[in-house]
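Here the structure is laid out as structure tokens; the discussion comes afterwards.
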Amino acid sequence: MKPSIPRGTRDFGPAEMQKRQYIFNILKTNFQLFGYMPIETPSMENITTLTGKYGEEGDQLIFKVLNSRIHESKDDKKELLKREFNLSLEKSYNSEALTEKALRYDLTVPFARYVVMNHHQLTYPFKRYQIQPVWRADKPQKGRYREFYQCDADVIGSNSLINELELIAMMDKSFSELQIPARIKFNNRKILSGIAEVLNATDKIIDITVAIDKLDKIGKEGVIKELSEKGITTEAIKTLEPLIDLSGSNSEKVNVLKQFLNQSEIGKKGIEEIEFLLNNLNTLTIKHIKIELDITLARGLNYYTGTIFEAKADAGTFTPSILGGGRYDDLTGIFGLKGLSGVGISFGVDRIYDVMEELQLFPKEVNKSSSTTILMAYFGEAEQLHCLKLVSQLRTFGIHAEIYPDVVKKISKQFEYADKKQIPFVGVIGGNEMAKNTIMLKNMNTGTQEEVSLEQLIEIVKQ
RNA sequence: GUAGGUAUAGCUCAGCUGGUUAGAGCAUCAGAUUGUGGUUCUGAGGGUCGCCGGUUCGAAUCCGGUUACUUACCCCA
């Protein structure tokens with residue numbers, strides 16, 4: 001049988017893992033620096049926890065888990081299962097008889113579920129970070145995986161926009177340390193609601209933002225064409241025109257929006273929030289990222305109600321979205337706990353990895369093929385046990401030491417191993433060394449070697 | 001869902017308008033070198049040319065189908 005893994009999933013070898021852990025470590029360190037504490041949730045959630053939170057398209061992408069042991073069901077239940085199965089063949093249909101569990105689609109919804117279940121023992125505002133894989137039944141493409149890691153930081157139980165500012169500061173610090181030139185786009189769902197209100201097209205808000213978002217791809221005429229195809233009236237399109245043309249600095253955009261939304265209460269609230277963020281950005285000493293108001297940013301997830309974020313790399317040819325996030329005023333409400341507003345961001349590690357690979361941003365230190373400093377090599381069985389003793393002594397000094405486990409005919413095999421793993425020192429033990437209680441220490445980079453005592457070896461190797 | 005592309009050795013790929021026994025580089029193993037790796041040299045092993053069918057005296061090559069992978073659209077991290 002030819003081995004394979006499901007499409008959209010990947011193995012990570014030691015080379016990839018070092019780079020991945022480099023990213024994880026930076027993010028984790030910053031999360032903790034900003035006061036977030038870790039949690040983990042199960043890979044599987046009850047499917048009812050997940051459905052209805054991600055929009056129509058998102059729900060289709062949830063990985064469902066078939067109920068186990070359905071073949072052991074009683075006969076009358078089997079009849080039900082057959083009916084349910086037939087229904088699910090005809091249309092998108094969710095049957096709890098067939099599948100009551102699903103792999104998590106993101107980390108935010110499980111987090112909200114966790115908060116509700118642990119409400120009584122949490123201290124609010126509750127700040128948590130979470131680094132775990134999520135699954136999406138998407139068609140894999142470049143930068144799109146079916147299993148990928150998200151690194152989320154959320155704070156729940158606070159309405160304050162200070163949280164948004166702190167998140168921006170954390171993005172700046174994180175992307176700065178990863179050396180990724182990043183452009184953060186932000187918007188506010190209240191603005192979008194306001195626009196829909198002004199246009200009298202509350203149900204078309206997604207279509208409108210999707211169309212405007214394509215401006216740089218299909219041009220103004222294309223946008224207008226798409227809008228009318230989606231059933232937006234000519235009059236509404238005309239009203240919308242200043243927004244299609246919207247450009248300039250963040251404050252110029254705000255001025256246009258103010259005019260546009262002056263009849264919409266929710267729109268005005270959105271502007272107020274955006275202005276607060278823009279006016280206070282300077283207190284954050286943002287030094288790395290670019291921040292840009294983008295009213296076409298919509299984001300598919302249903303639960304966002306306020307600020308929304310998205311980040312892309314601002315260099316190279318491969319620039320997928322590498323971070324997303326926003327404020328959700330009532331995600332916990334669905335689970336029965338009202339009045340808890342939350343806001344958070346999610347770093348997409350796998351795409352960050354791809355971007356960093358393209359821009360060659362990984363430092364040399366994370367490209368080592370081994371962390372071992374010295375390999376103890378030997379000629380025969382007697383020397384082997386002596387080496388075993390030596391490596392354990394070396395390790396008490398914190399020296400990363402390995403012993404080649406198999407007695408081989410030629411010692412060159414052991415040198416080859418050290419060479420391939422880029423181990424800088426090899427200590428050779430033969431009859432002579434055993435008798436004199438010394439070690440022949442070879443420096444693999446220079447090719448030179450000298451006979452030394454254990455103490456001398458430790459001195460040399462520790463440098 | 002829609003539209004392209006690819007499939008040949010463990011890996012990356014050649015293989016011309018169909019013509020004997022399908023090649024290269026890397027990797028692997030052995031030797032040159034019985035106390036020494038990275039360089040060099042010599043040799044060896046390794047393939048149902050994704051699968052099924054068709055055309056033909058003859059198919060890795062042409063045609064049809066199928067599967068897998070991949071890219072773009074949509075949407076997303």
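Throughout, protein chains are lettered first and strands after them, A, B, ... in sequence-line order, and every chain is numbered starting at 1. Please read these numbers as outputs of a predicted model, since none were measured by experiment. Atoms considered below: every heavy atom in the structure, side chains included; atoms not considered: hydrogens, waters and symmetry mates.
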Practice task
Could you tell me whether a side-chain N or O of A:T41 sits under 3.5 Å from a main-chain N or O of A:P110, the two making a donor and an acceptor?
Solution key: no

Problem - Under-4.0 Å side-chain N/O to phosphate OP1/OP2 contact, A:Q141 with B:rU71 - result: no

Handout entry: Flag, side chain of A:N250 to backbone of A:L293, donor-acceptor distance under 3.5 Å
Key = yes

Practice task
Give a yes/no verdict on a cation-pi contact between A:K413 and A:Y404, requiring under 6.0 Å between NZ or CZ and the six-membered ring centre and an angle within 45° of the axis.
Solution key: no

Handout entry: Interatomic distance at P, B:rG4 relative to B:rU66, whole Å
Key = 14 Å

Exercise for the section: Can you tell me the distance, in whole Å, between the CD1 atom of A:I308 and the P atom of B:rC76? Expected result: 10 Å

Handout entry: Closest-nucleotide ordering on RNA chain B, the 5'-leading residue of A:S346 and A:R7
Key = A:R7

Problem - Protein-nucleotide distance (A:D106, atom CG; B:rA77, atom C1'), rounded to Å - result: 10 Å

Handout entry: Separation between CG of A:L61 and CG of A:L50, rounded to the nearest 0.5 Å
Key = 12.5 Å

Practice task
With P as the reference atom in both, quote the distance from B:rC74 to B:rU17 in angstrom, rounded to an integer.
Solution key: 38 Å

Exercise for the section: Could you tell me the separation between the CG atom of A:L375 and the P atom of B:rG35, rounded to a whole number of Å? Expected result: 18 Å

Handout entry: Sugar-phosphate, base or nothing in reach of A:D152, heavy atoms under 4.0 Å
Key = nothing

Fill in the blank from the handout: Residues at least two apart in sequence or cross-chain that pass side chain to side chain donor-acceptor pair (under 3.5 Å) with A:N163, listed by chain then number, are A:S158

Exercise for the section: Fit a plane to each ring of A:Y328 and A:Y304, take the angle between them on a 0 to 90° scale, and name the class: parallel (under 30°), tilted (30 to 60°) or perpendicular (over 60°). Expected result: tilted

Exercise for the section: Have a look at A:D350 and say if it touches a base, only the backbone sugar-phosphate, or nothing, with a 4.0 Å heavy-atom cut-off. Expected result: nothing

Handout entry: Pairing pattern in dot-bracket form [Watson-Crick, G-U; both distances under 3.5 Å; | = partner strand] for RNA chain B
Key = (((((((..((((.....[...)))).(((((.......))))).....(((((..]....))))))))))))....

Practice task
Indicate the atoms forming the closest heavy-atom contact of A:L390 with A:L454, along with that distance.
Solution key: CD2-CD1, 3.9 Å

Practice task
Remember a base hit wins even if backbone is also touched, and classify A:Y149 as base, sugar-phosphate or nothing at under 4.0 Å, heavy atoms.
Solution key: nothing

Exercise for the section: Provide, to the nearest angstrom, the distance between the CZ atom belonging to A:F415 and the P atom belonging to B:rU33. Expected result: 19 Å

Exercise for the section: Name the nucleic acid region contacted by A:G143, choosing base, sugar-phosphate or nothing; use a 4.0 angstrom heavy-atom cut-off, strictly under. Expected result: base

Fill in the blank from the handout: side-chain contact (heavy atoms from CB on, under 4.5 Å) filter on A:S346, not counting sequence neighbours, yields A:Q150, A:D152

Report all interatomic pairs (protein N or O, nucleotide N or O of nucleotides 39-42 of chain B) with separations under 3.5 Å.
none

Exercise for the section: Would you kindly check whether a donor in the side chain of A:R351 faces an acceptor in the base of B:rC76, or vice versa, at under 3.5 angstrom? Expected result: yes

Handout entry: N-O pairing of A:E16 and A:R10 below 4.0 Å
Key = no

Practice task
Could you work out the separation of B:rC49 and B:rA44 based on their C1' atoms and round it to a whole Å?
Solution key: 23 Å

Fill in the blank from the handout: Whole-Å distance, A:E147 CD to B:rC76 C1', equals 17 Å

Practice task
Give one of base, sugar-phosphate or nothing for A:Q414, where a contact means two heavy atoms less than 4.0 Å apart.
Solution key: nothing

If you restrict it to nitrogen or oxygen atoms, what contacts under 3.5 Å exist between nucleotides 28-31 of chain B and the protein, and what is each distance?
from   : atom 1 : to     : atom 2 : distance (Å)
B:rU28 : OP1    : A:K420 : NZ     : 2.6
B:rC29 : OP1    : A:K413 : NZ     : 3.3

Exercise for the section: Could you state the atom-to-atom distance from CZ of A:R144 to C1' of B:rC76 in whole Å? Expected result: 5 Å

Handout entry: Any donor-acceptor N or O pair under 3.5 Å, side chains A:Q414, A:Y378
Key = no

Practice task
Record whether the side chain of A:Q422 comes under 3.5 Å of the base of B:rG37 through a donor-acceptor pair of N or O atoms.
Solution key: no

Exercise for the section: Would you check, one step at a time, whether the test salt bridge (Lys or Arg N to Asp or Glu O under 4.0 Å) holds for A:R128 with A:D154? Expected result: CA-CA 6 Å; A:R128 81 89 174 80; A:D154 284 77; 2.9 Å; yes

Handout entry: A:E273 and A:R327 ion-paired at < 4.0 Å
Key = no

Exercise for the section: Grab the CD1-P distance between A:I131 and B:rA77 for me, whole Å please. Expected result: 17 Å

Practice task
Take the protein atom NZ of A:K142 and the nucleotide atom P of B:rC76, then report the distance between them rounded to whole Å.
Solution key: 20 Å

Problem - Whole-angstrom distance between B:rG23 and B:rU70, as gauged at atom C1' - result: 26 Å

Hey, what are the protein-to-nucleotides 2-5 of chain B N/O distances that come in under 3.5 Å?
from  : atom 1 : to     : atom 2 : distance (Å)
B:rU2 : O4     : A:K139 : NZ     : 2.7

Handout entry: Gap in Å between the two P atoms, one belonging to B:rG47 and one to B:rG5, rounded
Key = 32 Å

Problem - A:D138, nearest nucleotide to its side chain (from B:rG35, B:rG37, B:rC75) - result: B:rC75

Problem - Heavy-atom donor-acceptor pair, A:D419 side-chain to B:rG38 base, under 3.5 Å - result: no

Problem - Point-to-point distance, once rounded to the nearest 0.5 Å, from CZ of A:F63 to CD of A:E147 - result: 9.0 Å

Handout entry: A:E433 vs A:A311, nearer the 5' end of RNA chain B by closest nucleotide
Key = A:E433

Practice task
Could you check whether A:L323 gets within reach of a base, just the sugar-phosphate, or nothing at all, counting any heavy atom under 4.0 Å?
Solution key: sugar-phosphate

Handout entry: Residue pair A:F24, A:F347: steps toward the ring pair (Phe, Tyr, Trp, His ring centres under 6.0 Å) verdict
Key = CA-CA 10 Å; A:F24 285 131; A:F347 291 85; over 10 Å; no

